[in-house]
Amino acid sequence: MSKPSIPQGTRDFSPAEVRKRQYIFNTLRTIFELYGFQPLETPAMENLTTLTGKYGEEGDRLIFKILNNGLHEKKEADKEKLNSEWSKMLEKPFSSPIVTERALRYDLTIPFARYVVMHQNELAFPFRRYQMQPVWRADRPQKGRYREFWQCDADVVGSTSLINEAELLCIYQSAFHNLGLTQVTVKINSRKLLAGIAELCGTPELMMDITIALDKLDKIAWEGVTKELQERGISEAGISHVEKVINVKGNNEEKLYALQEIMKDSVTGMQGINELKQALAYHKELADAAWDSRLEVDVSLARGLNYYTGVIVEVACKAVQMGSIGGGGRYDDLTGLFGLKGLSGVGVSFGIDRIYDVMEELKLFPEQLASGADVLLINFGGENELYALGVLKQLRSAGVSAELYPDVVKFDKQMKYANKRGLQYVILPGDEERQKGMLSLKNFNSGEQKMLSVDECIEIIKKN
RNA sequence: GAGGCUGUAGCUCAGUUGGUUAGAGCAUCAGAUUGUGGUUCUGAGGGUCGUGGGUUCGAUCCCCAUCAGCCUCCCCA
């Protein structure tokens, strides 16, 4: 017999971990609902053709594909085809519907776009939805990177208003505030601003190259970026333009003001700046002064996914060495990929596994999440067992979460069980208690024990 | 796709410059204590030293291969 194990990059979540994760989910769900977003769930698997080509070349490689069933049952003619397709797959990155036609969900945005197109006639636009489900990526696991992880997304489709951007920024800030996660920075930029930079360089077609190089600024510093820009074919004049842009300092207003001067010859760039200004202006009206996460215009922010077209955001927590804990942006024609033109969308994503890791490292989970039921009834067997069942019923109908030890085993074993479970109270329904119609209630934290009626027990337990 | 580190009890890890019977802590079980847990004491069980091969009189240790896990780059949540 082999040792039991789980696939690389996946995890079991033990009770205490699930409680903490639910705490995050519940916090986010409350906010999403408060902002008027509706819940949506989509299948764990999608047709492979729905996913391929949406995440770039690297993304395609990371899609978990599902092998078709019943390959051995194919007719002989099909098997020849199967063999040749299989050979191709061994030579190069290649997929064939005869071998695999389904794949695990890679993110929540593309399935959402697919859903919107399929249900366009039923939906009231602008459609606001939130979705909290696992996604899978065939990446190599490392710190903060899993092959199965959960995303919580909020998107609005069918509206170009920058109020949406402002609302989503508020959702981020509100969520991190409610989770007690400080030292969070929400970075904001615009793809149009990046396009404007490329225009200024005289090489608008190299926007992606400039973007990718610029994105590495905090890792490889300006010198490294310069080198990379040279390698990617940007002229010296262009590089000096880029340098001017990234050297813009100050608060958000000052930065945008300065960028306006630099960008004045680029229509697209100016558009990006104006959008940022407008989004921030709306945000100012909507934001709560108590939220302490920073909102920072960062022209080096790029975002990998290639469907973004407008404002883009990314969230980082400076207190912990960890990749981004969230990201998002506007995509002008996402549903166009599935044949529905002219619908603009904007959304944000929370990486809840990373948020969990960060909160764990910073010890931000509330203490009381750890415990489960409130009280254990000791099983003394015989008539006492029946007496205990009656008490159990009363406790539960009063809303006290309670359990009876199901087996008649040694007293100290039952007590040890209660202790290990971290329960607050133990009730001893023994001979004496039963005869008096009372209960002994023991508080496990103080060690104090009293003979009480059921109602008194309920009152004390509920008060705690 | 490239590179680095680590595989010894259920868990976390010692260990042997190659030697007979491989250890500790935690956990588990039993007892001290058959209606009082969390503290303490006593005892017990538990290992193909990741797998395969090589060197050797002898390998958990050295060499090669392989698998798995962790980490870094790339990319991302």
Numerically ordered, the residues 177-185 of chain A set in heavy-atom contact under 4.0 Å with RNA chain B is none
Represent RNA chain B in dot-bracket notation, 5' to 3'. Only Watson-Crick or G-U wobble pairs with both distances under 3.5 Å count; pseudoknot-style crossings use [ ] and interstrand partners use |. (((((((..((((.....[...)))).(((((.......))))).....(((((..]....))))))))))))....
Qualifying residue, where the test is side chain to side chain contact (heavy atoms under 4.5 Å, CB included) with A:T268 and the options are A:R191, A:M207, A:K192: A:K192
Under the rule for salt bridge (charged side-chain N to carboxylate O under 4.0 Å, His left out), what residues qualify as partners of A:E85, not counting sequence neighbours? A:K88
Step by step, would you call A:Y130 with A:Y35 a ring pair (Phe, Tyr, Trp, His ring centres under 6.0 Å)? CA-CA 10 Å; A:Y130 70 92; A:Y35 278 74; over 10 Å; no
Please determine whether a side-chain nitrogen or oxygen atom of A:K442 lies at a distance below 4.0 Å from atom OP1 or OP2 of B:G38. no
Residues that A:K413 engages under side-chain hydrogen bond (donor to acceptor under 3.5 Å, both in side chains), provided they are two or more places apart: none
With rounding to the closest Å, how many angstrom separate the C1' atoms on B:G52 and B:G19? 24 Å
If you measure from the P atom in B:G35 to the same atom in B:A22, how many Å do you get, rounded? 42 Å
I'd like the C1' distance from B:C57 over to B:G18, given in whole Å. 12 Å
Apply side chain to side chain contact (heavy atoms under 4.5 Å, CB included) to A:L280 and list each qualifying residue two or more places apart in sequence or on a separate chain. A:N252, A:L256, A:L295, A:V297
Option passing side chain to side chain contact (heavy atoms under 4.5 Å, CB included) with A:V135 (candidates A:L104, A:D153, A:L108): A:L108
So is the aromatic ring of A:F350 stacked onto the base of B:A77, judging by whether the centres are under 5.5 Å apart and the planes are under 30° apart? no
Taking the P atom in each of B:C61 and B:U17, what is the distance between them to the nearest angstrom? 13 Å
Between B:G23 and B:U48 - P atom distance, rounded Å: 15 Å
Check nucleotides 33-35 of chain B against the protein and report each pair of N or O atoms closer than 3.5 Å, with its distance, or say if there are none.
residue: B:G35; atom: O6; partner: A:D431; partner atom: N; Å: 3.1
residue: B:G35; atom: O6; partner: A:E433; partner atom: OE1; Å: 3.4
residue: B:G35; atom: N1; partner: A:E433; partner atom: OE1; Å: 3.1
residue: B:G35; atom: N1; partner: A:E433; partner atom: OE2; Å: 3.3
residue: B:G35; atom: N2; partner: A:E433; partner atom: OE2; Å: 3.0

Name every residue in residues 139-146 of chain A that has at least one heavy atom under 4.0 Å from any atom of RNA chain B, in order of residue number, or write none if there are no such residues. A:D139, A:R140, A:Q142, A:K143, A:G144, A:R145, A:Y146
Show the atom names and distances, to 0.1 Å, of all donor-acceptor pairs under 3.5 Å that link a side chain in residues 450-460 of chain A to residues at least two apart or in another chain.
residue: A:S453; atom: OG; partner: A:E456; partner atom: N; Å: 3.1
residue: A:S453; atom: OG; partner: A:E456; partner atom: OE1; Å: 3.3
residue: A:E456; atom: OE1; partner: A:S453; partner atom: N; Å: 2.9

Within a reach of under 6.0 Å around CD of A:E360, are more than 12 heavy atoms found that belong to other residues, nucleotides or ligands? yes
Pair listing, salt bridge (charged side-chain N to carboxylate O under 4.0 Å, His left out) test, anchored in residues 434-446 of chain A, at least two apart: A:E383-A:R434, A:D431-A:R434, A:E432-A:K436
Could you pull out all residues at least two apart from A:S159 that satisfy side-chain hydrogen bond (donor to acceptor under 3.5 Å, both in side chains)? A:N164
So what does A:G59 hit on the nucleic acid, given a heavy-atom distance under 4.0 Å: a base, only sugar-phosphate, or nothing? nothing
How far, in whole Å, is B:C76 from B:G1 if one measures between their C1' atoms? 16 Å
Quiz item: cation-pi between A:R137 and A:F149, 6.0 Å / 45°: no
By side-chain hydrogen bond (donor to acceptor under 3.5 Å, both in side chains), which residues pair with A:E17, not counting sequence neighbours? none
Would you mind listing every ring-ring contact (aromatic ring centres under 6.0 Å, His included) that reaches into residues 400-448 of chain A, with sequence neighbours excluded? A:F380-A:F411, A:Y405-A:Y417
P-based separation of B:G38 from B:U34 [nearest Å]: 14 Å
Measure the acute angle between the ring planes of A:F365 and A:Y23, then classify it against the limits of 30° and 60° as parallel, tilted or perpendicular. perpendicular
Please report the distance separating the P of B:G7 from the corresponding atom of B:C41, rounded so that it comes out in whole Å. 32 Å
